[in-house]
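What follows is one structure encoded as structure tokens, with my remarks underneath.
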Amino acid sequence: MPGLTPQQQLDSFIDKFTPDVASQAREAMEKMLARLPGASMLVYDNYNALAIGFAPGERTSEAIFSLAVFPRWVTLCFLKNGPALPDPARLLKGSGTTARHIRLDKPAMLDDPAVKTLMKEALRMADPAIDKAQPSRLMIKSVSAKQRPRRPVAK
């Protein structure tokens with residue numbers, strides 16, 4: 001989107017969702033940024049979902065977490081060492097070899113002690129780590145020309 005700042009572009013991507021999901025995405029993003037000073041936000045407006053990765057730098061392969069925004073919900077993904085994370089509360093879903101996720105019924109789930117513990121452990125295991133001294137950055141990495149509807153389709 002020529003002429004728009006990355007923040008304006010991200011806002012326009014989020015605005016495609018219902019007001020409720022857009023509000024949840026924004027609140028979850030704010031909580032993640034507050035918890036991850038120095039993180040780079042890597043945005044992918046993909047075919048299936050809007051993905052917002054949190055990484056130490058510009059490389060997607062280094063992303064530790066992402067928020068995946070779908071028409072009906074927001075998901076917190078643990079992208080590095082997901083299967084290796086200790087999860088006594090059994091919050092993590094999925095059987096991927098690198099990533100696991102938690103569907104956020106509401107952004108306040110990010111404040112749940114078990115979720116905070118999972119995030120703390122994921123950050124401890126991350127290599128490279130996020131440098132808290134660097135300024136956070138927002139980068140639009142890709143926008144898919146063809147996308148699934150961003151609002152629930154009536155059945």
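As the structure is a computational prediction, the values presented were derived from the model and not from experiment.
- For Glu121, the salt bridge (charged side-chain N to carboxylate O under 4.0 Å, His left out) partners are Arg124, not counting sequence neighbours.
- Using a 4.5 Å heavy-atom cutoff, the side chains of Leu10 and Met29 are in contact.
- Grouped with Phe70 in one hydrophobic cluster are Trp73, the linkage being side-chain heavy-atom contacts under 4.5 Å among Ile, Leu, Val, Met, Phe, Trp and Tyr residues.
- Taken together through direct or relayed side-chain contacts under 4.5 Å among Ile, Leu, Val, Met, Phe, Trp and Tyr, Leu123 and Met32 form part of one hydrophobic cluster.
- Follow the hydrophobic side-chain contacts under 4.5 Å out from Val143 and you never reach Met139; the two are in separate clusters.
- In terms of modelled atom types and a separation under 3.5 Å, the side chain of Ser12 and the main chain of Gln9 share a donor-acceptor contact.
- Legend: residues meeting side chain to side chain contact (heavy atoms under 4.5 Å, CB included) with Lys106, ordered by chain and number and at least two apart, are Ala108, Met109.
- For the salt bridge (charged side-chain N to carboxylate O under 4.0 Å, His left out) test, no residue two or more places apart in sequence or in another chain qualifies with Arg103.
- Among all heavy-atom pairs drawn from Pro56 and Pro128, the shortest one is CG-O, 3.4 Å.
- When all heavy atoms are compared, the tightest approach of Phe17 to Ala22 is CB-N, 4.2 Å.
- For the atom pair Leu79 CG and Phe54 CZ, the distance stands at 10.5 Å (nearest 0.5 Å).
- Remark: Glu27 engages Lys31, Pro107 in a side chain to side chain contact (heavy atoms under 4.5 Å, CB included) (not counting sequence neighbours).
- Scanning for side chain to side chain contact (heavy atoms under 4.5 Å, CB included) contacts around Arg148 gives Tyr47, Asn48, with sequence neighbours left out.
- Counting only distance, with no hydrogens or angles, the side chain of Arg35 and the backbone of Leu110 share a donor-acceptor pair below 3.5 Å.
- The CD1 atom of Ile140 lies 10.5 Å from the CD atom of Gln8; values are rounded to the nearest 0.5 Å.
- Considering all non-hydrogen atoms of both residues, Pro71 and Val21 come closest at O-CG2, 3.4 Å.
- In terms of hydrophobic clustering, with Ile, Leu, Val, Met, Phe, Trp and Tyr side chains grouped at heavy-atom distances under 4.5 Å, Val69 and Leu42 are assigned to different clusters.
- Nearest heavy atom pair, residue Asn46 against residue Ala51, reads ND2-CB, 4.2 Å.
- In this structure, Lys120 places its NZ atom where only 12 or fewer heavy-atom neighbours from other residues, nucleotides or ligands lie under 6.0 Å away.
- The salt bridge (charged side-chain N to carboxylate O under 4.0 Å, His left out) check on Asp105 picks up nothing, with sequence neighbours excluded.
- Residue Arg151 qualifies as enclosed at atom CZ: its count of foreign heavy atoms under 6.0 Å is above 12.
- Residue pairs satisfying the salt bridge (Lys or Arg N to Asp or Glu O under 4.0 Å) criterion with at least one member in residues 48-58, sequence neighbours excluded, are listed as follows: Glu58-Arg137.
- For Asp131, the salt bridge (charged side-chain N to carboxylate O under 4.0 Å, His left out) test picks out no residue, with sequence neighbours left out.
- The list of side-chain hydrogen bond (donor to acceptor under 3.5 Å, both in side chains) pairs with a residue in residues 85-102, not counting sequence neighbours, is empty.
- Contact of the Leu104 side chain with the Gln24 side chain is not registered, since no non-hydrogen atoms from C-beta on lie closer than 4.5 Å.
- Closest heavy-atom contact between Gly57 and Ser40: O-CB, 3.2 Å.
- Between Ala114 and Ala89, the shortest heavy-atom distance links the atoms CB-CB, 4.0 Å.
- Remark: the backbone N or O of Asp45 is paired with a side-chain donor or acceptor of Gln147 at under 3.5 angstrom.
- Note that OG of Ser66 is 11.5 Å distant from CE of Met41, once rounded to the nearest 0.5 Å.
- Contact check for Thr75 versus Leu67: no side-chain heavy atoms found under the 4.5 Å cut-off.
- For the pair Thr117 (side chain) and Pro113 (backbone), a donor-acceptor distance under 3.5 Å is present.
- Atom CG of Leu85 is separated from atom CG of Leu91 by 11.0 Å, given to the nearest 0.5 angstrom.
- For Ala129, there are no side chain to side chain contact (heavy atoms under 4.5 Å, CB included) partners at least two apart in sequence or on another chain.
- With sequence neighbours excluded, no residue satisfies ring pair (Phe, Tyr, Trp, His ring centres under 6.0 Å) with Tyr44.
- Both Leu76 and Ile64 belong to a single network of hydrophobic side chains, linked directly or stepwise wherever heavy atoms of I, L, V, M, F, W or Y lie under 4.5 Å apart.
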